[in-house]
Amino acid sequence: MYQFNYHKPASLADAAAALAKNPDAKALGGGQSLIASMKLRLSQPSDLVDLSGIAELRGIKADGGGVTIGAMTRHAEVAASAEVKKAIPALAALAAGIGDRMVRNMGTLGGSLANNDPAADYPAAVLGLGATVNTNKRKIPADQFFKGMYETALEAGEIITSVTFPAPKKAAYVKFRNPASRYALVGVFVADTAGGPRVAVTGAGPGVFRVPEMEKALAAKFSPESVAGVKVKADGLNSDLHASAEYRAHLVTVMAKRAVAAAG
Amino acid sequence: MGDMNLIGASVKRKEDYRFLTGAGTYTDDVVLPQQTYAVFVRSPHAHAKLRAVRTDAAKKAPGVVGVFTGADTAAVGGLPCGWLITSKDGTPMKEPAHPILAKEKVRHVGDPVAIVIAETYAQARDAAELVDVDYEVLPAAVDVRDAVKPGAPAVHAEAPDNKCYVWGHGDAAAVDKAFKAAHHVTKLEFANNRLIPNAIEPRAANAVYSRADDSYTLYVANQNPHVERLLMTAFVLGLPEHKVRVVAPDVGGGFGSKIFLYAEDVVLTWASKQVNRPVKWTAERSESFMTDAHGRDHYTVAELALDKDGRFLAMRVHTLANLGAYLSTFASSVPTILYATLLAGQYTTPAIYAEVTGVFTNTTPVDAYRGAGRPEATYVVERLVETAARDLKMDPAEIRRRNFIRSFPYATPVGLTYDTGNYEKTLDAVLKLADVAGYAKRKEESAKKGLLRGIGYSCYIEACGLAPSNIAGALGARAGLFEAGEVRVHPTGKVTIFTGSHSHGQGHETTFAQVVADRLGIPIEDVDIQHGDTGKILFGMGTYGSRSLAVGGTAIVKALDKVVNKGKKIAAHLMEAAEADIEFKNGFFQVAGTDKKKAFAEIALTAYVPHNYPLDKLEPGLNENAFYDPTNFTYPAGSYVCEVEVDPETGVVRIDRFSAVDDFGNIVNPMIVEGQVHGGLAQGIGQALLEGCRYDPETGQLLTGTYQDYAMPRADDLPAYQVGTEKTPCTHNPLGVKGCGEAGAIGSPAAVMNAITDALGVRDVPMPATPQTVWRAIQAKR
């Protein structure tokens, strides 16, 4: 790890100011990706602005039929939350399956979304549920938030404050894990929402994406058979040691089918 | 009074209090006065010329104590290889220099180029980035099949075709003749996948030089400190052996990878005198991936000739063995002596010929890894046998029964003489344990769920208890393979044992203490086991090849016999009886046929307070040592059955049942043995399903250099094992023990792969059988 300056502001305004002042500063959520990459000397921020001292970024509250979750809420807290389990059990289950126990006790919702790792789980839920990402500047609909590998709609100095998840009629997330890292090789979040069925896929491509053909088929009939025959094109999907684009494309269909079955 | 019947008791491990409460002392825990810290600058390229190594900026960096390169260590010798293999044309193997810091060229990613030593680890790390190395990148030889093609880049000028040796073993003419007359030939062609050891404790070393008496002490995570010292002093640094002490304290797993003398150990020892300060290095996990000697990596074409009744007539095996960029300490022997000699397996195959080409590549050196040659041999034999049974539509158990060796001793056509065994008994036991009778019903139930169920067998044999020194020497070993032990009886009757074996997870402190307490009839608490320090232990060849109890334990037993014999003399004197009339039993020296007896502790006290003592005939004191050189290898064997369920939609393989029945001869501590079997099975199943080291075939970059990409087995990848044992005691050591450390890793990969190929109805699936690999095999069949 290289040297850096550490800041722990107590308010959102102070955090934004600290980030604005240093162009090479980085916001620190749970540090589950950033700290590891700094230890490997792959990342060299001049300043770390630790958001863990800002009370307003934490907590979970029921919100309409859904939930609003503070950006600094840990995965383990989401997994254990009675409100989340009641409103969106699939979201609690997703959080319970992120990484390992240590990652879940440290990692945060906002950190995961701002990082937008192509194999992260939360982006699938945010996109699959049609959630809204709230920042210190605006409200960003999920469909406009994710911009591809490690890219988001966040502007310099913009901080995620919370995410509002509307409750679906039913939903499920099914993940096929990379045998080594246990990240999602392919993860599919399906939800039957007020605005119609949504299918969001993580791990398979450079970033989370929806599958309109599957959504259309599910709108006609929300059943596993509806998606079983819908093939996803391998073009543009990730390809690595563990899974070719073809295999990933195949798994998208299988996982979608299993997610619909799990959603009931 | 001692605990009776300690042999065969599942005594809880004495060492676990220390390990489980964090009271162990590992090499990285050793912090010496004036400690400095080292970081190695390593090649990012698989193959490159070193145009220049500029260290000026690094030397000026804050806290830097010293920076050294290959030019600075030019006078230091290269690392030796401990086993000479002679090619079939009679020429000795090629032994290119293995410098401790790269000189003109780097030959694999991670090859050390410079060492940077500083006051703190962070300063050393920062300064290491300032070492400016000018590389001229060369084409690399990576895959073993590519490396032997004409025109492949030469790793060493001394071996322009990249061949270290072409070694032949067995009667080629007899094999050819048998193949011509055969009813059927089963042929398979496959790789034995390359593995990265991944001990939980990374390699580490801490070297200190003493100006006061011109001596060195090296703390090092190592499995055999005396061998480390011998190789380093006699072959590399030219230091007087008695001026170097090597300490291998608590070591967190070795699996073979800590047998070897590594460049880092030598550089540190050398540098400690240059800077006149202790120098410590602990590998980062990425360094472990890049520089711990890897395992396996064979490419093999294997054929089995059979008659119409399924009797094996002959076997022919051609193997390309990847040795990596340099010859590691025992690299040459693993794919030859420890491999081809095991190709008879449990069977009476009358003619066997193996030809092994050892190949240099621009990859990390490859050497012994849990099983070392024997897993590769078992994989060849047991994949062939199972496939032959399918070819001939025979029951896989039946084809094995028809070919089992049934009379002992049995001399195989590949140079070993098995002393004892009962292969049918272990097979029968495992068939029962695995409920093979209920398999058909389980297969139906799986099919109802849309899953493919398969069953696979593997009946392995291994040669352990390395080794009769004269036989090993005739086969090219450049070292003896005996073991040493010392029994120090203190005046109060407490006992300290000094053993040349080394425990790095095996539980010797318990098992050996059980043997000693049982033999002396004293409480196990009165016995302490010391190991891992050339300053304390008389000598030792260390721990590998499942040899510790069979060879190291026997050395202790022989020393115990001397203690008892001397005790009898003392007792005879005290009780005014003839020495021949003294019996030693349950901790007492007793005059036969009388109730006159003296406890062990009384005799010990008498030996150290020799007032009433035959001083004219007998030395005082009670301290004996012994060296033991085995007369044969030991031959643990077993039968494994694996059942898998394959999800045809995803290619995921789940091991539903794994049953193992092993014959380890007599067992001292069944709990520890079962733990060893579990660990071995996890590693073997890891090889079959998960672990596969991959390099970019063009650039030689390590693609599986972190746990993100190298899949280690986790608890939920593994089933609840069913394990059992059968017993045919070893005939040539006094404990009747054979060794158990490697069995699981040797026997299990073939069982798993036989089960997967059965489930899929295909001839072969490459290891590791990852979901994608299995899915592709299913697609290819469709």
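Each chain gets a letter, A, B and so on, in the order the sequences are listed, and its residues count up from 1.
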> So which of Leu689(B), Asp709(B), Leu690(B) has the largest heavy-atom pair count under 4.5 angstrom toward chain A?
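The candidate making the most pairs under 4.5 Å is Asp709(B).
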
> Answer with side chain, backbone, both or neither: which region of Arg125(B) has an atom nearer than 4.5 Å to a non-hydrogen atom of chain A?
both

> Quick one: does Arg248(A)'s side chain have a donor or acceptor within less than 3.5 Å of a partner on Asn238(A)'s backbone?
yes

> Which bit of Arg258(A) is near chain B, if near means a heavy-atom gap under 4.5 Å: side chain, backbone, both or neither?
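Side chain of Arg258(A) only, per the 4.5 Å heavy-atom cut-off to chain B.
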
> Both conditions, 6.0 Å and 45 degrees, for the charged tip of Arg41(A) above the ring of Tyr2(A): are they met here?
yes

> Can you tell me if Ser223(A) and Glu225(A) form a side-chain donor-acceptor pair at under 3.5 Å?
yes

> For the residue pair Tyr710(B) and Phe289(B), does the interplanar ring angle fall in the parallel (under 30°), tilted (30 to 60°) or perpendicular (over 60°) class?
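Because their plane-to-plane angle is over 60°, the rings of Tyr710(B) and Phe289(B) count as perpendicular.
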
> Heavy-atom cut-off 4.5 Å, strictly under: side chain, backbone, both or neither for Leu251(A) against chain B?
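It is the side chain, since no backbone atom gets that close.
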
> Which bit of Glu129(B) comes within less than 4.5 Å of chain A, counting heavy atoms only: side chain, backbone, both or neither?
side chain

> Between Asp696(B) and chain A, which part of the residue has a heavy atom less than 4.5 Å away: side chain, backbone, both or neither?
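Neither part.
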
> Tell me, side chain or backbone of Ser244(A) under 4.5 Å from chain B's heavy atoms, or both, or neither?
both

> Any donor-acceptor pair under 3.5 Å linking the side chain of Ser37(A) with the backbone of Leu42(A)?
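No, Ser37(A) side chain to Leu42(A) backbone: no donor-acceptor pair under 3.5 Å.
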
> Any chance you could lay out the salt bridge (Lys or Arg N to Asp or Glu O under 4.0 Å) test for Arg182(A) and Asp717(B), step after step, and finish with the verdict?
CA-CA 12 Å; Arg182(A) 300 263 172 127; Asp717(B) 291 315; 3.2 Å; yes

> Side-chain donor-acceptor contacts of residues 22-32 of chain A below 3.5 Å, not counting sequence neighbours, with atom names and distances?
{"from": "Asn22(A)", "atom 1": "ND2", "to": "Ala18(A)", "atom 2": "O", "distance (Å)": "3.1"}
{"from": "Gln32(A)", "atom 1": "NE2", "to": "Gly30(A)", "atom 2": "O", "distance (Å)": "3.1"}

> Against chain A, label Pro768(B) side chain, backbone, both or neither, depending on which of its atoms sit under 4.5 Å from a heavy atom there.
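It is neither, since no heavy atom gets under 4.5 Å.
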
> Out of Thr770(B), Asp126(B), Leu703(B), which one racks up the most heavy-atom pairs below 4.5 Å with chain A?
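Sorted descending by pairs with chain A, the first entry is Asp126(B).
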
> Quick one: which of Gln779(B), Arg714(B), Glu284(B), Arg776(B) has the most heavy-atom pairs under 4.5 Å with chain A, could you say?
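Max contact count across the listed options: Arg714(B).
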
